[in-house]
Amino acid sequence: MNALNALACAASVLVGPAWITTASAEPVLVMVEQPGCIYCERWDAEIGPAYPKTDEGQFAPLIRADLRKGPPDGITYARRVLFTPTFVLIDDGQEQARIEGYPGEDFFWPLLTQLLEENTGFVPAIGDETVRN
């Protein structure tokens with residue numbers, strides 16, 4: 001029985017890292033923010049509630065990161081983040097592209113869609129009503 005338990009433990013160790021790699025291989029959008037950032041607060045009010053319900057939000061779920069703490073574990077930025085908010089597109093743990101600043105909701109959605117189209121396999125739904133507004 002001890003040999004069976006040891007085998008089960010060894011199998012879980014081998015399966016665990018594969019699951020983590022699979023999960024991190026999907027695109028995510030890291031929002032780098034800091035306390036007191038008024039543009040971060042505007043994004044939270046204007047975009048935040050709708051983001052996870054949109055095609056973009058489902059394709060690249062949002063992860064939040066504090067400017068002063070650096071990137072989340074397993075994520076590497078191509079260069080230092082200097083402004084908040086900065087939206088960093090991550091795929092397989094590596095930065096693919098970014099949007100620096102928040103230009104307002106009318107400009108954010110087209111910029112994000114373009115960023116996803118040019119750097120991932122994202123294809124926006126055409127002609128469908130969105131939950132953005």
Reported CZ-to-OH distance for the pair Arg42 and Tyr102, which is rounded to 0.5 angstrom: 5.5 Å
Any side-chain heavy-atom pair from Cys37 and Pro85 closer than 4.5 angstrom? yes
Hey, does Pro61 have a side-chain heavy atom less than 4.5 Å from the side chain of Glu26? no
Test item: Arg98 and Phe87 side chains (from C-beta on) under 4.5 Å apart, heavy atoms: no
Quick check: do Thr54 and Phe59 have side-chain heavy atoms less than 4.5 Å from each other? no
Membership question, hydrophobic clusters at under 4.5 Å side-chain separation (ILVMFWY): are Trp43 and Leu111 in the same one? yes
Same apolar cluster: Leu82 and Val30, side chain cutoff 4.5 Å: no
Is any side-chain heavy atom of Pro124 closer than 4.5 Å to a side-chain heavy atom of Asp55? no
Of all pairs that satisfy side chain to side chain donor-acceptor pair (under 3.5 Å), the ones with a partner from residues 75-86, not counting sequence neighbours: Gln34-Thr84, Arg79-Glu100
Can you tell me how far CD of Glu56 sits from OG1 of Thr120, rounded to the nearest 0.5 angstrom? 10.0 Å
Minimum side-chain heavy-atom gap Asn119-Leu115 below 4.5 Å: yes
Decide side-chain contact (heavy atoms from CB on, under 4.5 Å) for Gln94 and Gln96; before the verdict, give the C-alpha distance in whole Å, the side-chain angles of both, and the deciding distance to 0.1 Å. CA-CA 6 Å; Gln94 301 294 314; Gln96 303 302 308; 3.9 Å; yes
Given side chains that start at C-beta, do those of Pro35 and Asp66 come closer than 4.5 Å, heavy atoms only? yes
Closest contact, heavy atoms only, Phe107 versus Pro110: O-CD, 3.3 Å
Between the CD1 atom in Ile47 and the CH2 atom in Trp109, the distance rounded to the nearest 0.5 Å is 5.0 Å
Under a 4.5 Å side-chain heavy-atom rule over Ile, Leu, Val, Met, Phe, Trp and Tyr, are Phe108 and Ile38 clustered together? yes
With sequence neighbours excluded, residues passing salt bridge (Lys or Arg N to Asp or Glu O under 4.0 Å) with Arg64: Glu33, Asp44
With the side chain counted from C-beta on, respond yes when Leu29 and Tyr51 share a heavy-atom pair under 4.5 Å apart, and no when they do not. yes
Would Phe83 and Leu67 count as a side-chain contact (heavy atoms from CB on, under 4.5 Å) if you check the C-alpha gap in whole Å, the side-chain angles of each, and the deciding distance to 0.1 Å? CA-CA 8 Å; Phe83 306 102; Leu67 176 68; over 6 Å; no
Give me the atom names and distance for the closest heavy-atom approach of Asp91 to Pro27. OD1-N, 3.8 Å
Smallest separation among heavy atoms of Gly70 and Ala65, with atom names: O-CB, 4.2 Å
Atom of Glu46, atom of Gly104 and distance for their closest heavy-atom approach: OE1-CA, 4.3 Å
